[in-house]
Trainee: 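Below are the structure tokens for one structure; questions will follow.
All figures in this text were calculated on a predicted structure; none of them were measured in a lab. One is the number of the first residue; the rest follow in order along the sequence.
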Amino acid sequence: MAFGEVDSVDAGAAPDNDGSGPTLAQILQPLGAPDGGLGEIASEILRQALRLGGVDEQRYWDHVSRLANPDLLLSAVPVGSDLAVPVVTGQRKAGSVRVSGKVAATVMGNLAGRNGFPNTRVVMDSWGASQVRLQWGDDDAPLPEWETSSDVDWACADVANGLMYGYSTAAIREYLSETWGPEVAAEAMRANTST
């Protein structure tokens with residue numbers, strides 16, 4: 001799995017959770033959180049909001065740990081047990097989510113009509129016919145040539161995708177270290193002067 005791609009989730013599990021529902025901020029408001037702010041009762045309000053939206057709590061925390069600006073999640077849209085996180089100029093250029101092929105057209109149509117989900121489309125994926133990847137915003141960074149590229153070349157592509165998806169430098173560095181090892185990670189981070 002390339003950095004920036006999401007893990008597989010069954011977005012067809014919750015029939016009403018097809019991208020047409022409210023954002024997390026809209027779910028949070030009636031639960032007593034003014035303007036979607038989380039305040040002192042953040043954990044319980046968040047758990048209730050995730051439950052109401054049908055979102056897997058671990059998926060939410062995965063997004064929190066990766067995004068440079070986790071506040072983007074307040075505008076996220078529950079899709080199955082995951083979240084479709086919008087693009088925001090200067091912070092996040094692309095997003096994607098895997099969904100069941102059965103609900104892909106519905107979810108794509110619902111996201112395409114929302115602010116933060118430009119150019120929503122199905123992209124090729126290696127997960128088989130039962131799941132498709134919906135993507136919005138920019139295309140993924142081009143991958144290096146398979147046979148002639150070094151690990152550093154591949155790690156640099158992961159840096160580009162991580163930045164495009166709005167991930168923090170720390171999250172990108174951690175992913176690179178786990179995937180490519182600390183030496184390749186350090187070299188790829190140095191090669192990208194903006195990190």
Side-chain angles (χ1 to χ4, degrees), residues 1-7 9 11 17-29 31 33-39 42 45-46 49-50 52-99 104 106-123 125 132-142 156-176 189 192-195:
M1 173 172 64
F3 191 58
E5 291 183 13
V6 293
D7 296 328
V9 295
N17 207 355
D18 60 4
S20 64
T23 66
L24 282 183
Q26 292 165 330
I27 293 170
L28 285 169
Q29 253 177 337
L31 296 173
D35 302 323
L38 298 180
I45 289 175
L46 178 62
L50 293 174
L52 285 172
V55 176
D56 178 72
E57 191 171 347
Q58 183 57 52
R59 291 298 300 146
Y60 172 82
W61 290 112
D62 288 346
H63 288 294
V64 168
S65 70
R66 291 179 185 154
L67 289 170
N69 180 3
D71 288 346
L72 294 175
L73 293 172
L74 289 174
S75 298
V77 178
V79 173
S81 60
D82 201 356
L83 289 167
V85 182
V87 299
V88 176
T89 303
Q91 296 181 46
R92 181 175 163 91
K93 296 178 183 177
S96 69
V97 65
R98 280 200 180 81
V99 297
T106 301
V107 173
M108 187 170 71
N110 289 332
L111 291 178
R114 291 179 176 264
N115 190 25
F117 297 92
N119 192 23
T120 303
R121 63 210 177 273
V122 174
V123 295
D125 206 356
V132 298
R133 187 163 68 109
L134 300 180
Q135 187 170 1
W136 50 93
D138 292 353
D139 291 329
D140 287 340
C156 285
D158 284 339
V159 171
N161 279 324
L163 293 171
M164 184 183 62
Y165 277 84
Y167 295 158
S168 70
T169 304
I172 295 169
R173 191 175 289 119
E174 180 182 342
Y175 175 83
L176 293 175
M189 294 300 284
N192 188 315
T193 58
S194 65
T195 57

Trainee: First locate atom OG of S168, then atom OH of Y175, and finally report the distance between them rounded to the nearest 0.5 Å.
Mentor: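 Going from OG on S168 over to OH on Y175, the span is 14.5 Å.
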
Trainee: Rounded at 0.5 Å granularity, tell me how far NZ in K93 sits from CG in L163.
Mentor: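 Taking NZ in K93 and CG in L163, the distance rounds to 8.0 Å.
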
Trainee: State which residues pass side chain to side chain contact (heavy atoms under 4.5 Å, CB included) with A141; sequence neighbours excluded, sorted by chain then number.
Mentor: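 Scan of A141 (side chain to side chain contact (heavy atoms under 4.5 Å, CB included), adjacent residues dropped) gives A160, N161.
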
Trainee: List for me each residue that meets side-chain hydrogen bond (donor to acceptor under 3.5 Å, both in side chains) alongside N119, sequence neighbours excluded, and say none if there are none.
Mentor: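 So N119 forms no side-chain hydrogen bond (donor to acceptor under 3.5 Å, both in side chains) with any residue.
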
Trainee: For V85, is there any backbone N or O sitting under 3.5 Å from a side-chain donor or acceptor partner on W136?
Mentor: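 It does hold such a pair.
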
Trainee: Looking at P86, is its backbone amide N or carbonyl O close enough to the side chain of R92 to form a donor-acceptor pair, meaning the two atoms are under 3.5 Å apart?
Mentor: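 Confirmed, R92 side chain pairs with P86 backbone.
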
Trainee: Partners of N69 by side chain to side chain contact (heavy atoms under 4.5 Å, CB included), sequence neighbours excluded?
Mentor: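 N69 satisfies side chain to side chain contact (heavy atoms under 4.5 Å, CB included) with D71, L72, Q91 once adjacent residues are dropped.
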
Trainee: Using salt bridge (Lys or Arg N to Asp or Glu O under 4.0 Å) as the criterion, list what pairs up with D138, not counting sequence neighbours.
Mentor: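 Result, salt bridge (Lys or Arg N to Asp or Glu O under 4.0 Å) vs D138: none returned.
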
Trainee: So, taking the atom named CH2 in W61 and the one named CG in L73, what distance separates them when rounded to the nearest 0.5 Å?
Mentor: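 These two atoms lie 9.5 Å from each other.
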
Trainee: For the atom pair CE (M108) and CD (Q135), what is the distance rounded to the nearest 0.5 Å?
Mentor: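 CD of Q135 is found 12.5 Å from CE of M108.
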
Trainee: So, for L134 and A104, which heavy atoms are closest and what is the spacing to 0.1 Å?
Mentor: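 Looking at all heavy atoms of both residues, the shortest contact is CD1-O, 4.0 Å.
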
Trainee: Just wondering, do D56 and D82 contact through their side chains at under 4.5 Å, heavy atoms?
Mentor: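 With C-beta onward as the side chain, the pair stays apart.
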
Trainee: Look at the side chain of R98 and the backbone N and O of R133, then say whether any donor-acceptor pair between them is shorter than 3.5 Å.
Mentor: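 No; judged by distance alone, with no hydrogens or angles, the pair does not exist.
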
Trainee: List the residues meeting side chain to side chain contact (heavy atoms under 4.5 Å, CB included) with E174, not counting sequence neighbours, and say none if there are none.
Mentor: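 Expected list: E178.
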
Trainee: Is it true that a side-chain atom of R121 and a backbone atom of G137 form a donor plus acceptor pair closer than 3.5 Å?
Mentor: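 Looks like yes, one N/O pair under 3.5 Å.
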
